[in-house]
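Since the structure comes first, as structure tokens, the remarks are kept for the end.
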Amino acid sequence: MSDFEKSEFLRDAQARGFIHQTTDAEALDSLLSSGGAPVPAYVGYDCTADSLHVGHLLSIMLLRRLQRHGHKPIVLMGGGTTKVGDPSGKDEQRKLLTDDEIAANMAKIKEVFRRFLTFGDGPSDAVMVNNDDWLRNLEYISFLRDYGRYFSINRMMSFDSVRLRLEREQPLTFLEFNYMVLQAYDFVELYRTQGCRLQMGGSDQWGNIVNGVELARRVEGAELYGLTCPLLTTASGQKMGKTAGGAIWLNEDRLTSYEYYQYWRNTEDGDVGRFLRLFTELPLTEIARLESLPGAEINEAKKVLAFEATKLCRGEEAAEAAAETARKVFEEQSLGEDLPRVAVPQAALAEGIPIFELMRQSGLAKTNGEARRLIQGGGARLNDAKIADPYAKASLDDRGPGGEIKLSAGRKRHALVVVAEAS
């Protein structure tokens, strides 16, 4: 039986596995089912890189489901809080970025939200705001007097973001210690300017969210609410969104649509149903059918997951191209047009280029050393033939009929080496 009897959004979110914790579940259920104006809710995203990754996708999908049920998503860009750095889940301080670096990252991050949310001026249309707009103008002494007095050092020390860092005897700077105060103030500011009543985020943000709820109650007499998603790991215990090749980026200029598709296609059997519920919009009855497919037939469910997840993030055309490339590579043993490519000068290829170097350039390995170890372990192939010598070179003679050289890392990751066009 659902914990939520009134709100369609909360029932849907719970059925699909989005909900880990809520503050005052009964009151939140009533608020989101009142039948009045849409309820604004926000998730914050700091701008520490020029793309979000699959680890952020859970909260983005939650915002999407919120909007589909008639409520108003607020995407908060952390232009201000990125200058401080969130200590949650970190053993060391994040690299401090310049204003220009933060602005450049923000511009790139914004692109992905247009795929998932409808923005505009309507009651349930999403809006995007930047907390630097209000944080940069704060007068420090006045801010501390007005808001710092509501934060107990004893209480702050109990939150995981602080406690775990200290238990591991890793330094926590005074700058980072201020992060939870600023995030709490964000919630108050969004309540004042946007009527925001709900903050959502990963379970590592629980302490920060509770601080915002309590601060709003003390300074505004407002009843605000918090909701967290579970922090996902795969069935084998790996952190969601991390692979041997690095992070699974949402922006296409950081990761091709084919590689994005393949990430989902390679989902472990035990995760298929869960990921279909979280990362696609298929009906739950259809998901139940797919996850119950016996034996090797579960691969068909993985193809559906990969296509639907890629369609949401990259568009239907990109999903169809990625699926066709995968079909050619794995079913026809031919080369797909959407495989990752690395272009090299003809003169260099004529002399011969170490294969380990090409594997690094193509993204099949992070470093030359990693590529050599992969070759030594028998996991690398050139044109589907196993490479025995870790220092072997590829040359023009290795090109196939189409003028490409196929590199493979394991059975599922491939890239093409092509001759660069003369400029």
Side-chain angles (χ1 to χ4, degrees), residues 13 16-20 43-65 73 75 77-78 86 88-90 105-106 108-117 200-205 228-282 287 301-316 318-319 322-323 326 338 340 363-364 366 409 412-413:
R16 288 181 173 267
F18 282 97
I19 298 179
H20 178 62
V43 179
Y45 301 90
D46 280 346
C47 308
T48 53
D50 61 1
S51 173
L52 300 179
H53 53 71
V54 162
H56 297 103
L57 193 55
L58 196 63
S59 64
I60 296 174
M61 288 297 295
L62 188 58
L63 284 173
R64 181 178 173 89
R65 302 213 70 80
V75 178
M77 292 283 100
D86 184 359
S88 300
K90 300 293 179 182
N105 286 346
M106 188 186 305
K108 296 294 293 182
I109 288 171
K110 286 180 177 180
E111 296 173 6
V112 77
F113 288 98
R114 304 286 172 183
R115 294 276 187 193
F116 291 91
L117 301 172
M200 303 186 294
S203 61
D204 61 333
Q205 295 298 311
T228 63
C229 308
L231 288 181
L232 291 187
T233 56
T234 64
S236 61
Q238 188 176 26
K239 188 174 181 180
M240 181 73 182
K242 298 290 185 182
T243 69
I248 304 301
W249 300 104
L250 301 187
N251 283 28
E252 193 162 8
D253 58 351
R254 294 294 302 270
L255 188 78
T256 69
S257 293
Y258 171 75
E259 292 171 298
Y260 190 79
Y261 176 97
Q262 281 300 114
Y263 171 75
W264 297 104
R265 174 63 181 82
N266 294 331
T267 294
E268 297 177 40
D269 291 2
D271 289 326
V272 173
R274 183 164 56 124
F275 289 178
L276 281 166
R277 281 186 284 274
L278 292 170
F279 301 115
T280 80
E281 295 188 320
L282 294 176
I287 293 172
K302 294 180 184 181
K303 292 177 185 177
V304 173
L305 168 63
F307 181 83
E308 295 294 327
T310 305
K311 182 174 71 172
L312 278 173
C313 187
R314 302 295 178 80
E316 189 164 4
D338 204 29
L364 295 178
K366 289 183 181 179
K412 297 180 178 180
R413 298 175 61 225

Exercise. Between N105 and C47, is there a donor-acceptor pair closer than 3.5 Å when you use the side chain of the first and the backbone of the second?
Worked result: yes

Exercise. F275 and T280: side-chain contact (heavy atoms from CB on, under 4.5 Å), yes or no, with the steps?
Worked result: CA-CA 8 Å; F275 289 178; T280 80; over 6 Å; no

Exercise. Between L117 and V75, is a side-chain contact (heavy atoms from CB on, under 4.5 Å) present by the stated rule, with each step listed?
Worked result: CA-CA 10 Å; L117 301 172; V75 178; 3.7 Å; yes

Exercise. Yes or no on side-chain hydrogen bond (donor to acceptor under 3.5 Å, both in side chains) for R314 and S257, after CA distance, side-chain angles and deciding distance?
Worked result: CA-CA 7 Å; R314 302 295 178 80; S257 293; 3.2 Å; yes

Problem set entry | Side-chain heavy atoms of F116 within contact of C313, under 4.5 Å | yes

For this session: Provide the closest heavy-atom pair for C229 versus H20 in the form atom of the first, atom of the second, distance.
Result: C-CB, 3.6 Å

For this session: Measure the shortest side-chain to side-chain distance between Y261 and T256 over non-hydrogen atoms and say whether it is less than 4.5 angstrom.
Result: no

Exercise. If you look at every heavy atom in S203 and L231, which pair is closest and at what distance?
Worked result: OG-CG, 3.2 Å

Exercise. What distance separates D271 CG from W264 CH2, expressed to the nearest 0.5 Å?
Worked result: 10.0 Å

For this session: Please identify each residue that fulfils ring-ring contact (aromatic ring centres under 6.0 Å, His included) with F307, with sequence neighbours left out.
Result: none

For this session: Indicate the atoms forming the closest heavy-atom contact of V54 with Y260, along with that distance.
Result: CG2-CE1, 4.0 Å

Problem set entry | Shortest non-hydrogen contact between H53 and A247, atoms and distance | CB-CB, 4.4 Å

Exercise. How many angstroms lie between CZ in R277 and CZ in F18, if you round to the nearest 0.5 Å?
Worked result: 11.0 Å

Exercise. Less than 4.5 Å apart, any side-chain heavy atom of N266 and any of K302?
Worked result: no

Exercise. So which heavy atom on P230 is nearest to which on L58, and how close?
Worked result: O-CD2, 3.2 Å

For this session: Could you tell me whether a side-chain N or O of R265 sits under 3.5 Å from a main-chain N or O of A306, the two making a donor and an acceptor?
Result: no

Exercise. Are the side chains of D50 and N251 in touch, meaning some heavy atoms are under 4.5 Å apart?
Worked result: no

For this session: Could you please spell out the steps behind the side-chain contact (heavy atoms from CB on, under 4.5 Å) verdict for E308 and K311?
Result: CA-CA 5 Å; E308 295 294 327; K311 182 174 71 172; 3.4 Å; yes

Exercise. Does a side-chain heavy-atom distance below 4.5 Å link M77 with K110?
Worked result: yes

Problem set entry | Salt bridge flag under 4.0 Å for residues K108 and E111 | yes

Exercise. Taking it one step at a time, do I60 and L250 satisfy side-chain contact (heavy atoms from CB on, under 4.5 Å)?
Worked result: CA-CA 11 Å; I60 296 174; L250 301 187; 3.9 Å; yes

Problem set entry | Non-hydrogen atoms of A49 and I109 that approach each other most closely | O-CD1, 3.3 Å

Exercise. Considering only heavy atoms from C-beta outward, does the side chain of E281 approach that of R65 to under 4.5 Å?
Worked result: yes

Exercise. In chain order, what residues pass the salt bridge (Lys or Arg N to Asp or Glu O under 4.0 Å) check against E252, with sequence neighbours excluded?
Worked result: none

Exercise. Would you say L52 and F113 make side-chain contact, with heavy atoms under 4.5 Å?
Worked result: yes

Problem set entry | Heavy-atom donor-acceptor pair, R274 side chain to G17 backbone, under 3.5 Å | no

Problem set entry | L312 and M61, any side-chain heavy atoms less than 4.5 Å apart | yes

Exercise. So how far is it from F279 CZ to L232 CG, rounded to the nearest 0.5 Å?
Worked result: 5.0 Å

